[in-house]
Chemist: 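Quick one: the structure is below, questions incoming.
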Amino acid sequence: MDRLRIFRALLQLRWWLLAGITLALGGALLIGQQALDSLRAAFETDARIVHRVLSQRVVQHEAILATLSLLQPEQGEDRLSAVYSQILAVRRRADGASWPEARLSAAEAASRQTQRVALAGQDFARGRYTLLLAGLPASHALDIGLREMLPREEWPGDPQQSPMRVELQHAGEVFLIQPGRLHAGGWQFAFEKHLAAASQPFNVVARRSIGWPELPWGLMLGWTLLVALGLALAWRVRQQQIARQRAEELLRMGQVARLNSLGELAAGMAHELNQPLTAVLANTQAACRLLADEPPELDTARQAMTQAVEQARRASEVVGRLRRVVERPEAGSGIVSLDLLASLRNVLHLLEPETLRRGIAPQLPTESVCWARAEPVALEQILHNLLMNAFQALDQVPAGQRSLRIDIKRREGFIELQLRDSGPGIPEEVMQHLFEPFYTTRAGGLGLGLSLCETLALSMGGSLRAEANPPQGACFILTLPAAEAA
Amino acid sequence: MTTPLSPLIHLIDDDAAVRESLALLISTVGLRVETWAEPQAFLAGFAREGIGAILLDVRMPGISGLSVLDQLIAEGVDQPVIMLTGHGTVDLCRRAFKAGAAEFLEKPVDDDQLLETLQNAVRQHVQSRQRNSADRAAQERYAQLSEREREVLGLIVAGLTNKEIGRALALSPRTVETHRANLFAKLQAESLAQLIRQYASLVEAAEGGTP
């Protein structure tokens with residue numbers, strides 16, 4: 001049963017849920033995408049910095065060799081290692097001497113041919129390589145330590161902690177600069193570029209893995225909650241709107257139903273009364289004719305008159321029965337202690353479209369609660385009628401002069417609600433018939449509204465009266481028995 | 001054809017008091033009244049060939065007065081139907097007349113109005129019955145004419161003289177005269193004016209029917 005109920009509730013809310021899921025998912029995707037984009041941008045910046053600073057270093061090596069070749073210093077080359085920590089050793093082949101290793105001789109030959117610095121072999125496993133520049137009279141070679149070459153101060157991030165893996169690759173050999181944290185799954189960024197020195201064309205390879213946990217889950221969750229909250233709020237507002245519309249609809253329907261049942265009652269009454277009246281009329285007229293005959297048919301005329309009397313009784317019975325039907329079965333049933341002001345606010349709330357349309361701002365009493373004894377539905381019916389009357393009266397004066405004031409006053413054992421409008425007021429001759437049933441000054445009016453209000457007020461032990469509201473307008477005063485504050 | 005002694009008013013109302021009082025009132029002017037409490041019984045049992053009128057209450061249990069009216073009209077009942085209602089709305093009134101009611105009266109109804117309406121209705125019914133029977137007699141007589149006599153009658157009605165008729169039908173004026181005498185006798189016409197008044201419509205209908 002419970003599961004069924006939950007399923008029904010979900011079905012009812014399906015559009016809201018769909019909207020919520022779409023918004024939350026879309027937003028989260030966008031947030032994730034943005035996070036990935038900025039991570040990629042940061043990675044590419046870091047990789048470029050790495051490439052740039054390494055390139056600067058290797059270019060420096062060429063410059064050192066060029067300087068050595070140009071100046072041909074006889075001694076003191078060893079001091080270079082003190083200044084440049086990555087220069088592990090400076091080797092020199094004096095004029096006429098030869099290199100101890102064949103690779104150096106080969107490199108010198110190459111260098112001499114190209115007039116440029118040549119790579120004289122590398123050992124990435126040990127983290128070193130040798131550069132050579134053929135010169136005259138002496139040629140120079142530098143043993144360079146890769147590990148010592150890394151510029152600590154310009155390096156982006158801590159090499160031990162950084163999630164980015166950086167390697168130098170050349171001729172199948174790999175030197176790992178920093179390990180990073182690579183893993184399968186998620187997103188993989190990669191950067192690859194040769195160093196900007198022809199003699200040391202090492203490939204800088206940077207890689208970075210972004211795992212699922214690195215996504216901004218907190219932010220995405222926050223967004224989802226925000227969406228849920230927003231939708232819940234919107235839903236609530238909508239529900240209130242619907243509830244209000246429904247209440248208004250019910251009120252309107254109630255009025256229509258009352259009118260319809262009134263029409264039915266009138267039609268039924270007409271038929272019920274018409275039958276005996278028809279018989280009375282036909283019998284008496286027949287009797288008249290019989291009596292006028294020469295000689296008069298006394299017996300038949302008498303019978304007709306007896307019939308007429310019987311039918312007149314029948315008519316009066318119909319009226320009596322009708323009265324018993326219309327009378328409230330138990331006067332005073334359903335009376336409770338209630339807050340008059342709250343009832344008034346409730347009715348005004350329902351009538352808000354009417355007040356807004358007419359530009360009326362009803363002035364309400366300042367008191368917070370006023371306890372009266374009344375039947376809630378009957379009371380609201382009276383208030384609704386009185387307010388609608390006031391609105392229609394105010395329609396007859398210019399918008400600027402429309403005012404509606406409601407006061408609640410305590411009298412001895414009673415609460416008095418005064419409703420004053422600035423409409424055209426009630427003429428004296430109308431005032432006398434104001435509460436009579438079927439008396440109306442309105443075209444198409446039934447003339448039952450105020451009569452009903454008065455009947456309802458009386459049935460609750462109260463009263464309803466009207467007076468002028470100087471200088472202009474009408475004042476209706478509803479009196480109800482006061483209740484002990486609950 | 002049976003000719004009833006005097007006109008008969010059929011009164012249909014479910015309310016006994018109304019029925020009896022109206023019957024009494026109607027009988028004071030010498031009209032006979034037959035009352036019916038139920039529309040179904042009335043529809044099943046009333047004498048359709050009689051002279052008179054039908055006084056029908058609109059609102060009755062079981063079957064509404066309007067549908068009784070519909071059934072009467074559908075059956076081709078020629079007695080005028082007078083509707084009687086407790087609350088006559090314009091709409092109801094219009095529907096009743098549309099359905100073929102002769103008159104529409106509201107309850108309670110005044111004696112003068114009711115009796116006058118009934119007497120008018122009866123008079124109209126008598127007249128229409130007489131007209132119908134006269135028409136029927138004329139038709140029967142017209143049917144006895146020979147083909148040639150009908151041709152001659154058509155030309156007489158068209159206003160031709162004997163001589164002109166003879167020329168038109170290639171007959172001698174004498175033969176035309178014989179046909180003319182025969183058809184006057186068969187149609188029991190005493191003058192040319194009566195002949196034309198009674199039979200012009202039949203001739204036109206016959207010519208229209210066989211062009």
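Below, chain A is the first sequence line, B the second, and so on; all start at residue 1. Keep in mind it's a predicted model, so treat the numbers as computed, not measured. These values consider heavy atoms only, across backbone and side chains, with no hydrogens, waters or symmetry-generated copies.
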Chemist: Between S21(B), S27(B), A23(B), which has the largest tally of heavy atom pairs under 4.5 Å with chain A?
Modeler: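 The residue among S21(B), S27(B), A23(B) with the greatest pair count is S21(B).
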Chemist: What part of L114(B) gets closer than 4.5 Å to chain A, counting heavy atoms only: side chain, backbone, both or neither?
Modeler: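 Neither; nothing under 4.5 Å.
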Chemist: State whether R136(B) and E140(B) are salt-bridged, where the test is any N-O pair (Lys NZ or Arg NE/NH1/NH2 against Asp/Glu carboxylate O) under 4.0 Å.
Modeler: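 A salt bridge is absent here (no side-chain N lies under 4.0 Å from a carboxylate O).
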Chemist: Would you mind checking which part of Q275(A) comes under 4.5 Å of any heavy atom in chain B, side chain (CB onward), backbone (N, CA, C, O), both or neither?
Modeler: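 Both backbone and side chain of Q275(A) come within 4.5 Å of chain B.
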Chemist: Does the R402(A) side chain pair with the main chain of G359(A), one donor and one acceptor, at a distance under 3.5 Å?
Modeler: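 Not at all, since once roles are kept as given, no pair shorter than 3.5 Å links the two residues.
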Chemist: Taking atom CZ as the centre, does R357(A) end up with more than 12 heavy-atom neighbours from other residues, nucleotides or ligands that are less than 6.0 angstrom away?
Modeler: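 More than 12 heavy atoms, drawn from other residues, nucleotides or ligands, come within 6.0 Å of this atom.
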Chemist: For L281(A), which atoms come within 4.5 Å of any heavy atom of chain B: side chain, backbone, both, or neither?
Modeler: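 Interface part for L281(A): side chain.
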Chemist: Out of L56(B), L84(B), D57(B), V68(B), which one pairs with I12(B) under the side chain to side chain contact (heavy atoms under 4.5 Å, CB included) rule?
Modeler: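 Among L56(B), L84(B), D57(B), V68(B), the one that satisfies the side chain to side chain contact (heavy atoms under 4.5 Å, CB included) with I12(B) is L56(B).
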